[in-house]
Amino acid sequence: VQLQASGGGLVQAGGTLRLSCAASGSIYSSYTMGWFRQVPGKEREFVGAISRWSGISTYYADSVKGRFTISRDNGKNTVYLQMNSLKPEDTAVYYCAADRSRTSIQVSRMGPGAYGMNYWGKGTLVTVSS
């Protein structure tokens with residue numbers, strides 16, 4: 001599975017952005033998908049996860065709950081992260097990742113770095129100005 005994240009940019013506090021992660025290769029719909037973010041000097045941290053197939057289960061970091069929404073379109077092999085009410089502390093490089101075997105709740109409980117995820121895309125930079 002190859003992943004390509006896009007949609008990052010510069011936005012003012014309170015604004016919105018939608019990130020996309022396009023997948024190619026294997027059976028995309030069978031993978032649990034996750035979004036993570038990283039700021040310089042810190043470990044990559046969990047943002048959101050969505051279950052395989054229908055995407056019926058979603059989990060979020062407390063810091064983004066109620067503001068961010070993760071979704072997937074299996075017909076387009078794409079997972080999205082809708083980010084509303086952005087804050088300067090949301091500034092980071094955002095990464096999407098895929099896992100063959102973990103459930104979405106297991107992805108949400110991965111430790112800093114989430115190094116066990118099977119596949120990673122290149123990040124997209126989100127900058128939120130105050």
Side-chain angles (χ1 to χ4, degrees):
V1 174
Q2 294 179 327
L3 305 174
Q4 179 64 54
S6 61
L10 174 64
V11 64
Q12 288 188 330
T16 65
L17 277 176
R18 188 176 80 157
L19 305 184
S20 300
C21 176
S24 61
S26 190
I27 305 173
Y28 157 78
S29 57
S30 67
Y31 287 79
T32 296
M33 301 297 296
W35 284 98
F36 299 80
R37 66 187 182 186
Q38 188 172 23
V39 297
K42 290 191 175 181
E43 290 273 24
R44 198 158 43 198
E45 67 175 10
F46 169 74
V47 175
I50 188 166
S51 57
R52 59 175 57 89
W53 306 120
S54 67
I56 194 170
S57 297
T58 56
Y59 295 90
Y60 300 93
D62 288 342
S63 58
V64 307
K65 206 171 290 183
R67 300 187 298 120
F68 290 11
T69 303
I70 188 171
S71 62
R72 68 190 301 160
D73 184 337
N74 292 335
K76 295 182 178 180
N77 279 11
T78 301
V79 63
Y80 303 97
L81 185 67
Q82 177 67 42
M83 305 187 295
N84 299 331
S85 303
L86 282 160
K87 304 176 180 180
E89 51 264 42
D90 294 318
T91 295
V93 177
Y94 284 72
Y95 298 88
C96 61
D99 199 277
R100 290 189 299 268
S101 57
R102 288 181 176 85
T103 64
S104 50
I105 192 169
Q106 288 172 329
V107 170
S108 74
R109 292 172 178 174
M110 295 182 77
Y115 296 108
M117 295 292 284
N118 297 130
Y119 303 100
W120 289 92
K122 292 183 179 179
T124 184
L125 176 62
V126 172
T127 304
V128 185
S129 63
S130 56

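In what follows, every heavy atom counts, from backbone to side chain, and hydrogens, waters and symmetry copies are set aside.
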For Q38, side-chain contact (heavy atoms from CB on, under 4.5 Å) partners two or more places apart: R44, Y95
Cluster check L3, F36: I/L/V/M/F/W/Y, side chain < 4.5 angstrom: no
Can K65 and D62 be counted as an ion pair, charged N to O under 4.0 angstrom? yes
Residue pair Y59 / S57: nearest heavy atoms and the distance that separates them: CE1-CB, 4.1 Å
Residues that K42 engages under side-chain contact (heavy atoms from CB on, under 4.5 Å), provided they are two or more places apart: V39
Spacing of Q4 atom CD and C21 atom SG [to the nearest 0.5 Å]: 8.0 Å
Hydrophobic cluster membership, with links at side-chain heavy-atom distances under 4.5 Å among I/L/V/M/F/W/Y: are W35 and M83 in one? yes
Non-hydrogen side-chain atoms of V47 and L81 separated by less than 4.5 Å: yes
Ignoring hydrogens, what is the shortest heavy-atom contact between I27 and Y31? Give both atom names and the distance. O-CD1, 3.1 Å
Donor-acceptor pair, side chain of Y94 and main chain of A5, under 3.5 angstrom: no
What distance separates T32 OG1 from I50 CD1, expressed to the nearest 0.5 Å? 9.5 Å
Under a 3.5 Å distance rule, please check whether R52 uses its side chain to pair with a backbone N or O of S30 as donor and acceptor. yes
Holding to side-chain hydrogen bond (donor to acceptor under 3.5 Å, both in side chains), I want the full list of residues that pass it with N74, two or more places apart in sequence or in another chain. R72
Between V1 and N118, is a side-chain contact (heavy atoms from CB on, under 4.5 Å) present by the stated rule, with each step listed? CA-CA 9 Å; V1 174; N118 297 130; over 6 Å; no
Using only heavy-atom distances, determine whether the side chains of R18 and Y80 contain a donor-acceptor pair under 3.5 Å. no
Any chain of hydrophobic side-chain contacts (each under 4.5 Å) joining Y28 to L19? yes
Exercise answer: donor-acceptor pairs, residues 103-111 side-chain atoms, under 3.5 Å, sequence neighbours excluded:
residue, atom, partner, partner atom, Å
T103, OG1, Q106, N, 3.3
T103, OG1, Q106, OE1, 3.4
Q106, OE1, T103, N, 2.9
S108, OG, I105, O, 2.6

For N84, the side-chain hydrogen bond (donor to acceptor under 3.5 Å, both in side chains) test, sequence neighbours excluded, returns Q82
Would you check if the side chain of R102 reaches a backbone N or O of A98 as a donor-acceptor pair within less than 3.5 Å? no
Using distance only, find each side-chain donor-acceptor pair of residues 119-130 under 3.5 Å and give its atom names and separation, not counting sequence neighbours.
residue, atom, partner, partner atom, Å
Y119, OH, R100, NH1, 3.2
T124, OG1, G8, N, 3.0

Looking at every heavy atom in both M117 and G34, which two are closest together, and how far apart are they? CE-N, 4.4 Å
Can you find a pair of side-chain heavy atoms, one from D90 and one from P88, that are under 4.5 Å apart? no
Beyond-backbone contact of V79 with I70, side-chain heavy atoms, under 4.5 angstrom: yes
